[in-house]
Amino acid sequence: MPGTAELVAIFREIADLLDLQGVRFKPEAYRRAARSLEAVTEDLGQISARGELRSIPGVGDAIAEKIAEYLRTGTVPYLDRVRGEVPPGLLEIMRLPGFGPKTARRLWVELGVEGPRELETALAAHRLDGLAGFGPKKIALLAAALARAGGTPMRRPLAAAWEIAESLLAALRAGAPVDRVEVAGSLRRRRETVGDLDILATSTAPERVFEVFSALPQIRTVRMRGPTKETVELADGLQVDLRVVEPAAFGAALQYFTGSKDHNVHLRSLARERGLKVNEYGVFRGEERVAGATEAEVYAALGLTEIPPEIREDRGEIEAAAAGRLPPLIDGPDIRGLLHVHLDRLGGAAGLADAARAARRLGWDYLGIVVAEESGGASVPSLPTGGPKVFVGVETTRVPSGRPPGGDYWVLRPAEGIVAPTATGAAGATGPLLIAHLPASVDAGFEPGQLRPWLALATDRPIAFEVTAGAGEDGLDSTVARQAVQAGAALAVGPGDVAATEWERFRLAVGLARRAGAGPSNVLNARPVTDLARSWAGRRRTG
DNA sequence: GCCGTTTTCGGCCCGACTGTTTTCAGTCG
């Protein structure tokens, strides 16, 4: 299927093939462009039509021309050219964990190995023995990696990774001589999927910390351990890096290991311009450490206001921080209630009372209880006074018009495969508020242009796009959500369809909204209860 | 191949860890 996702894959393959040829710098340039394209919220065709492809970070003349070519013809001939220069099987060898382009290329040049199958044969025939740089351990690692090949490590949904991380942090705090322990990496940036976990700790006895960590029941194997860093694999294959630093370097290390790569590279080049050096131990002027204990200190030393982890992606946030113009982002305490709580999930009236208590505990003023369209909304029990206000949402699978029967607002969950509003009820439809739960993930092949008809719908009626942190049933991902925010549309933030005991997960969804650049004014359920009641003209239930 | 309040050419982040080494190359994040 042509589109941004395919173009990203093409650039990544070009990068790998150039790597195999030993070409320097170009592979990173293509990867940078690929990462950048993944974050583009607008249709590439439109950007190209305006002649603005080069405004995408990492896209210069040569890559812009290849994008334009792809948009015209659906192919990038340069890919076929570089494919012709190395055997395709080498890609599989270089992607074996622990091995890379240099090894794959040497096996090809020195032994004629063109792919995994030939490598297997060569290993069996002991043809690698005696090859310079290939000792018995490396050969054994290669054989083991080859035997396990194919199982590409899966990225976990954010919520799943978060639960694993929480259990590891709790175990470390309880059993290891640590002062501070925090999660870093893409989980801290609240990326919607997480490839591995990064945990950072301060301690005066790192060795003991690693001992305790290695002995945790969740951990299957220790892959490597040095004086400052340990890498382990969990039973389900997830890789976890634990690093221990001294307190004076904690902020610098947290900043460094939170990333992203592009953000850090940009920061370090900024530091060079100012005669400074940044590494995971601090910001240095010559030998002198001028910052390091806190992240705020690190950013301040570089002349920047502190940048929230969720937007550290080098998409303009560093320039904004330098100018003191970082936009305010939505925060957990801004959330005033939930709007998408399924009555079924609560388990009836008793469950509703429990949910009301949970909502109070979280400081919320209202709950939007959602019922199926067929049920007519009449079955939602009222709450005793003093509890959160209860609104009733009616869930439907098609774009509705008119007032929801027996409810205050609509919740739209399109039937599977629907990616644009159907004609019925869409054009010119006005009506009470609509919360749209669209399964719109760039990873799953959603193209930026596909949001356009939905945004058009938002010009006719109040609509909010849902952002959740459930397990595989999420609404907009942060890239699509960013597009909605940039278009001035509202988001609705929630924990997904989970029990009230797991509502804390709404904080992860807040993280996704932050990644999208949403401030409090962009989030429907950050509005006070009175505003909300006004935003739909239906009857409302009072507690 | 990209990029620029030290540059339109000459740079391109930087440290940890492993395996094979006797001072380093490759890989990773």
Side-chain angles (χ1 to χ4, degrees), chain A residues 11 14-15 18-20 22-36 53-67 78 82 93-107 128-142 145 153 184-187 189 194-200 206 210 222-232 239-245 249 252-253 255-284 303 314 319 322-323:
Chain A
F11 286 163
I14 289 174
L18 291 173
D19 247 342
L20 282 169
V23 176
R24 286 164 56 80
F25 304 115
K26 283 192 194 185
E28 260 321 293
Y30 277 99
R31 289 193 187 102
R32 169 95 210 278
R35 284 195 296 274
S36 206
L53 286 173
R54 290 208 45 185
S55 70
I56 300 169
V59 175
D61 288 333
I63 290 183
E65 178 46 42
K66 290 179 179 70
I67 296 173
Y78 182 63
V82 288
I93 295 178
M94 83 172 259
R95 287 168 187 159
L96 294 172
F99 298 89
K102 299 274 171 53
T103 305
R105 183 177 175 79
R106 280 197 59 199
L107 292 171
L128 276 70
D129 299 3
L131 211 57
F134 285 81
K137 280 193 177 176
K138 188 170 273 187
I139 289 174
L141 281 173
L142 196 51
S186 54
L187 177 54
R189 298 201 313 279
V194 172
D196 56 21
L197 300 183
D198 284 291
I199 298 174
L200 185 66
F210 292 136
V222 176
R223 273 209 209 133
M224 58 176 78
R225 186 199 291 189
T228 67
K229 170 187 169 178
E230 174 169 29
T231 299
V232 303
Q239 179 180 312
V240 185
D241 289 344
L242 172 64
R243 292 174 170 88
V244 180
V245 300
Q255 192 289 315
Y256 186 86
F257 294 120
T258 298
S260 67
K261 181 189 177 75
D262 290 330
H263 178 88
N264 283 353
V265 168
H266 193 157
L267 273 195
R268 289 194 284 271
S269 64
L270 195 69
R272 289 168 65 100
E273 285 168 16
R274 301 179 183 204
L276 299 166
K277 188 178 80 163
V278 182
N279 59 26
E280 60 263 58
Y281 302 111
V283 181
F284 295 86
D314 196 22
E319 293 83 351

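Given the structure is predicted, the values throughout are model-derived calculations rather than measurements. Just so it is clear: chains get the letters A, B, ... in the order the sequence lines come, proteins before strands, and each one is counted from 1. Computation of the quantities below employed the complete heavy-atom set of this structure, encompassing side-chain atoms and omitting hydrogens, waters and symmetry-equivalent molecules.
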Asker: When you compare B:dC9 with B:dC14, how far apart are their P atoms, in angstrom units rounded to a whole number?
Answerer: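 Straight-line distance between the two P atoms is 25 Å.
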
Asker: Quantified in whole Å, what is the P atom distance between nucleotide B:dG11 and nucleotide B:dA16?
Answerer: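 Pairwise P distance, B:dG11 against B:dA16, rounds to 26 Å.
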
Asker: Within less than 4.0 Å of OP1 or OP2 of B:dG1, is there a side-chain N or O belonging to A:K66?
Answerer: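 For B:dG1, OP1/OP2 do have a side-chain N/O of A:K66 under 4.0 Å.
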
Asker: Rounding to an integer number of angstrom, what distance separates B:dG1 and B:dT5 when you compare their P atoms?
Answerer: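 Those two atoms are separated by 23 Å.
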
Asker: Rounded at 0.5 Å granularity, tell me how far CG in A:D198 sits from OH in A:Y256.
Answerer: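 Between A:D198 CG and A:Y256 OH, I get 11.0 Å after rounding to 0.5 Å.
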
Asker: Between B:dT27 atom P and A:L20 atom CG, what is the distance in whole Å?
Answerer: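 Taking CG of A:L20 and P of B:dT27, I get 10 Å after rounding.
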
Asker: Can you tell me how far apart CG (A:D19) and CD (A:E28) are? Round to the nearest 0.5 Å.
Answerer: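 Atom-to-atom, A:D19:CG and A:E28:CD are 8.0 Å apart.
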
Asker: If I take atom CG from residue A:N264 and atom CD from residue A:Q255, how far apart are they, to the nearest 0.5 angstrom?
Answerer: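 So the gap between those two atoms works out to 5.0 Å.
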
Asker: Just call it for A:N264: base, sugar-phosphate, or nothing, with non-hydrogen atoms closer than 4.0 Å on any strand.
Answerer: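 Nothing: the residue A:N264, judged by heavy atoms under 4.0 Å, touches no strand.
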
Asker: Nearest to the side chain of A:K102 - B:dT27, B:dG29, B:dT20?
Answerer: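 The answer is B:dT27.
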
Asker: Determine whether the aromatic ring of A:F25 stacks with the base of B:dC12, defined as ring centroids separated by less than 5.5 Å and ring planes inclined by less than 30°.
Answerer: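 Ring-base stacking flag set for A:F25 and B:dC12.
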
Asker: Measuring only the P atom in each nucleotide, how far is B:dT27 from B:dT20? A whole number of Å is fine.
Answerer: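 Here B:dT27 and B:dT20 have their P atoms 14 Å from each other.
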
Asker: In this structure, how many angstroms lie between the P atom of B:dT27 and the CE atom of A:M94, rounded?
Answerer: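 Going from A:M94 (CE) to B:dT27 (P), I get 8 Å.
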
Asker: B:dT8 pairs with which nucleotide, Watson-Crick or G-U wobble, both distances below 3.5 Å?
Answerer: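 Matched B:dT8 with nothing under the 3.5 Å cut-off.
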
Asker: Tell me the interatomic distance from A:L131, atom CG, to B:dA25, atom C1', rounded to whole angstroms.
Answerer: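 Atom-to-atom, A:L131 to B:dA25, this comes out as 14 Å.
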
Asker: Rounded off to whole Å, could you give me the NZ-to-C1' distance for the A:K26 and B:dC12 pair?
Answerer: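 My rounded result for the distance is 15 Å.
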
Asker: For the side chain of A:K229, starting at C-beta, report the closest nucleotide among B:dC3, B:dT27, B:dA16.
Answerer: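 Taking heavy atoms from C-beta onward, the closest nucleotide is B:dA16.
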
Asker: Looking only at side-chain N and O atoms, does A:Q239 come under 4.0 Å of OP1 or OP2 in B:dG29?
Answerer: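 So the side chain of A:Q239 is within the cut-off, an N or O lying under 4.0 Å from OP1 or OP2 of B:dG29.
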
Asker: Between B:dC12 and B:dT6, how far apart are the two P atoms, rounded to whole Å?
Answerer: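 Per the computed distance, 16 Å lies between those P atoms.
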
Asker: Between CG of A:L53 and CG of A:D61, what distance do you get to the nearest 0.5 Å?
Answerer: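 One finds 11.0 Å between CG of A:L53 and CG of A:D61.
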
Asker: B:dG15 phosphate, OP1 or OP2: any side-chain N/O from A:T228 under 4.0 angstrom?
Answerer: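 Checking B:dG15 against A:T228, no side-chain N or O comes under 4.0 Å of OP1 or OP2.
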
Asker: From B:dA16, B:dG1, B:dG26, pick the nucleotide closest to the side chain of A:A29?
Answerer: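 The answer is B:dG1, which lies nearest to the side chain.
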
Asker: For B:dC13 versus B:dC2, give the span between their C1' atoms, rounded off to a whole number of Å.
Answerer: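 The same atom, C1', in both gives a distance of 16 Å.
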
Asker: Figure out the CD/C1' separation between A:E28 and B:dG11, and round it to whole Å.
Answerer: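 Distance check: A:E28 CD to B:dG11 C1' gives 15 Å.
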
Asker: Tell me: CG of A:L96 to C1' of B:dG26, nearest whole Å?
Answerer: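 Spelled out: CG on A:L96 to C1' on B:dG26 is 14 Å.
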
Asker: Taking the same atom, C1', in B:dC17 and in B:dT23, what whole-Å distance lies between them?
Answerer: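 Going atom to atom, C1' in each nucleotide, I get 16 Å.
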
Asker: For A:R272 and B:dC14, is the shortest distance between a side-chain N/O and OP1 or OP2 below 4.0 Å?
Answerer: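 Yes, within the criterion.
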
Asker: OP1 or OP2 of B:dC14 less than 4.0 angstrom from a side-chain nitrogen or oxygen of A:N279, does that happen here?
Answerer: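 For B:dC14, neither OP1 nor OP2 has a side-chain N or O of A:N279 closer than 4.0 Å.
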
Asker: In the structure I gave you, are the side-chain heavy atoms of A:D196 and A:T231 within less than 4.5 Å of one another anywhere?
Answerer: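 Not in contact.
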
Asker: Run through A:R268, A:R35, A:R31 and flag the one making a salt bridge (Lys or Arg N to Asp or Glu O under 4.0 Å) with A:D262.
Answerer: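 Answer after filtering A:R268, A:R35, A:R31: A:R35.
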
Asker: Can you say whether a donor on the side chain of A:Y256 sits under 3.5 Å from an acceptor on the base of B:dG29, or the other way round?
Answerer: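 Pair found.
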
Asker: When the C1' atoms of B:dT8 and B:dC3 are compared, how many Å lie between them, rounded to an integer?
Answerer: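 Nearest-Å result for B:dC3 against B:dT8 at atom C1': 9 Å.
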
Asker: Can you tell me how far P of B:dT27 sits from NZ of A:K137, to the nearest Å?
Answerer: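 Going from A:K137 (NZ) to B:dT27 (P), I get 18 Å.
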
Asker: Could you please name the option among B:dG1, B:dG19, B:dC17 that lies closest to any side-chain atom of A:I63?
Answerer: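 Closest nucleotide to the A:I63 side chain: B:dG1.
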
Asker: Rounded to whole angstrom units, what separation is found between the CD atom of A:E273 and the P atom of B:dC12?
Answerer: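 It works out to 13 Å between those atoms.
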
Asker: Does B:dG15 have OP1 or OP2 under 4.0 Å away from a side-chain N or O of A:K277?
Answerer: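 Indeed, a polar side-chain atom of A:K277 lies that close.
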
